[in-house]
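Whatever order the structure lists ligands and atoms in, that order sets their numbers, starting from 1.
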Amino acid sequence: MLNALHPQPQDKILQLIQMYKDDPRDTKIDLGVGVYKDATGLTPVMRAVKAAERQLWEVENTKTYTGLAGDPAYAEAMQDLLLDGTVPADRLSAVATPGGTGAIRQALELIRLATPEATVWLSNPTWPNHPSIIKYLGMRMAEYRYFDTESRGVDFDGLLADLAAVKPGDVVLLHGCCHNPTGANLTLPQWKAVADLLEKTGAIPFIDIAYQGFGDGLEEDAAGLRLMAKRMPEMLIAASCSKNFGIYRERTGILIAVSPKAEMRATVQGNLAFLNRQNYSFPPDHGARLVTMILNDPALREDWQAELEEVRLNMLSLREQLATELRRLSGSDRFGFLAQHRGMFSRLGATPEQVEALRRDHGIYMVGDSRMNIAGLNARTVPILAKAIIGVGV
Ligand code: LMR
């Protein structure tokens, strides 16, 4: 049996982790995988997470199973964080999942279960694991234009023109905030225009939100999602706690389904629980429990929000520093987009050859499409990166 297997393509983002590790140069800079790092290069455990872990160690007296959907308190706390009451609770179903990727996978399986013929529309570009999972599940997919390579902003006319072709029942995957890989985001009026279009066509929004709090703030980053939720009868939301709680390895995510009517809730919830049972039975609990404790305890929540805000402001400051340094070196404003983008990532707009030269000649690692993780920088490495970017001719 095993000799029937063929080698699988390596994930382009995860591949960089090993390449970076294997590079002996101590001047190397890692701007690859989307993980937040402080100025010392550490991905710290957040203070509120440490405090919640300490409390949990004291009070937790069993590790028996939770429910198939996870702890209902986690679902409630996350629904509140994401939706803030914009949808009545009796229209919401939710399951805890292993990370945001688990939520995406379960959402796609739910779509396939309900409407196997539906096409899932993805932004071009998008996080590479989106098309990879859809292809693996044998589902239909299509792309809509998203990024304008000239302005490095959103190609909104292209987006609207392409999405005009969606059919009723198709699913449109949108990044809730901090678009991965480009860093270019929809404005609120643009979210409204997308909602108008989806409403008219009868397509269903599926929002992947993995960076709430990393862009313009916790509330601001959920504004597009809430606008959609208020308007659309049906919607799927895949959320991750990996980044905003810094609990990457705990695999903490959630899938939320918004139903048009309260009467449908039990069936939708049953299907979500069924999918959990088929794929991995009970979802992981440790990270979800920490998140619930933090969100429900005013002191922990305040400290978490304060630290998240420090993280966000640090990334914004790095963006400003890099854009300023590139303005100085290039004598032009052509890198100003770096300060406009939001979240961890920006697509630099370098060619694959220039990305390769940055890696080979300068030990600077970014994804092949020139996606940079801004959080991989610090005040010392910003000028080094800027000089290298100009040096390779970007
Ligand atoms: C990324 O895009 O770098 C992160 O979401 C990590 C991953 O799993 O790819």
Side-chain angles (χ1 to χ4, degrees), residues 8-21 28-38 41-44 46 97-108 122-137 146-147 173-185 206-215 221 237-255 280 283-284 287 308 311-312 315 318-319 341-348 350 355 358-359 364-377 385:
Q8 297 291 346
Q10 274 199 298
D11 183 285
K12 298 263 185 319
I13 298 174
L14 302 185
Q15 202 177 9
L16 282 176
I17 300 178
Q18 195 54 45
M19 287 169 77
Y20 178 79
K21 258 193 201 147
K28 62 189 177 179
I29 302 175
D30 179 14
L31 309 179
V33 69
V35 165
Y36 176 77
K37 292 181 190 159
D38 65 15
L42 180 75
T43 303
M46 293 178 88
T97 55
T101 308
I104 292 163
R105 169 67 185 254
Q106 296 298 69
L108 291 168
L122 302 176
S123 65
N124 178 15
T126 191
W127 184 50
N129 218 16
H130 288 149
S132 177
I133 300 174
I134 294 172
K135 202 166 138 214
Y136 178 67
L137 291 174
Y146 186 81
F147 192 57
L173 202 161
L174 298 151
H175 296 223
C177 62
C178 309
H179 186 268
N180 179 5
T182 66
N185 296 295
F206 169 18
I207 300 189
D208 178 3
I209 181 158
Y211 300 91
Q212 188 185 358
F214 270 33
D221 290 350
I237 303 163
S240 169
C241 300
S242 297
K243 329 275 163 152
N244 52 6
F245 287 85
I247 50 174
Y248 304 82
R249 64 173 65 166
E250 301 298 350
R251 309 313 299 138
T252 308
I254 191 160
L255 169 60
Y280 40 77
L308 181 59
V311 163
R312 187 180 79 81
M315 286 187 293
L318 289 166
R319 287 187 174 283
H341 285 170
R342 285 293 180 271
M344 284 190 123
F345 307 118
S346 268
R347 186 181 260 196
L348 179 61
V355 172
L358 284 168
R359 190 155 57 222
I364 294 171
Y365 287 74
M366 62 179 71
V367 184
D369 64 359
S370 77
R371 185 195 83 170
M372 303 186 292
N373 172 16
I374 296 293
L377 288 168
L385 172 65

Under a 4.5 Å cut-off applied to non-hydrogen side-chain atoms, are His341 and Thr182 in contact? no
Between Leu122 and Ile134, is there a side-chain heavy-atom distance shorter than 4.5 Å?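 The answer is yes; the side chains approach within 4.5 Å.
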Heavy atoms only: give me the nearest Pro181-Trp127 pair and the separation to one decimal.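 What the structure gives for the nearest pair is CD-N, 4.3 Å.
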Identify all side-chain donor-acceptor contacts of residues 242-254 below 3.5 Å with residues at least two apart in sequence or on another chain.
residue, atom, partner, partner atom, Å
Ser242, OG, Ser240, OG, 3.2
Lys243, NZ, Gly34, O, 3.2
Lys243, NZ, Tyr211, OH, 3.3
Asn244, ND2, Gln212, O, 3.1
Tyr248, OH, Tyr36, N, 3.0
Arg251, NH1, Tyr248, O, 3.0

Nearest 0.5 Å, please: how far is OG in Ser346 from CE in Met315?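 Rounded to the nearest 0.5 Å, the CE-OG separation comes out at 11.0 Å.
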Please work out whether any backbone atom (N, CA, C, O) or any side-chain heavy atom from C-beta onward of Lys12 is under 4.0 Å from ligand 1, and answer side chain, backbone, both or neither. neither
Proximity of Thr101 to ligand 1 by residue part, where a heavy atom lies under 4.0 Å: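 Within the 4.0 Å criterion, Thr101 makes no contact with ligand 1.
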Among residues at least two apart in sequence or on other chains, which ones pass salt bridge (Lys or Arg N to Asp or Glu O under 4.0 Å) with Asp369?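 Scan of Asp369 (salt bridge (Lys or Arg N to Asp or Glu O under 4.0 Å), adjacent residues dropped) gives Arg347.
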Check whether any heavy atom of Lys243 sits under 4.0 Å from an atom of ligand 1.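 It does; at least one heavy atom falls under 4.0 Å.
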Among all protein non-hydrogen atoms, which one is nearest to atom 3 (O) of ligand 1, and what is the separation to 0.1 Å? Gly34 N, 2.7 Å
Look at atom 8 (O) of ligand 1 and find which of Tyr211, Tyr248, Trp127 reaches it with the closest heavy atom.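 That would be Trp127.
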Show the atoms of ligand 1 that are less than 4.0 angstrom away from any heavy atom in Arg371. 1 (C), 2 (O), 3 (O)
So the atoms of ligand 1 within less than 4.0 Å of a heavy atom of Val33 turn out to be 3 (O), 6 (C)
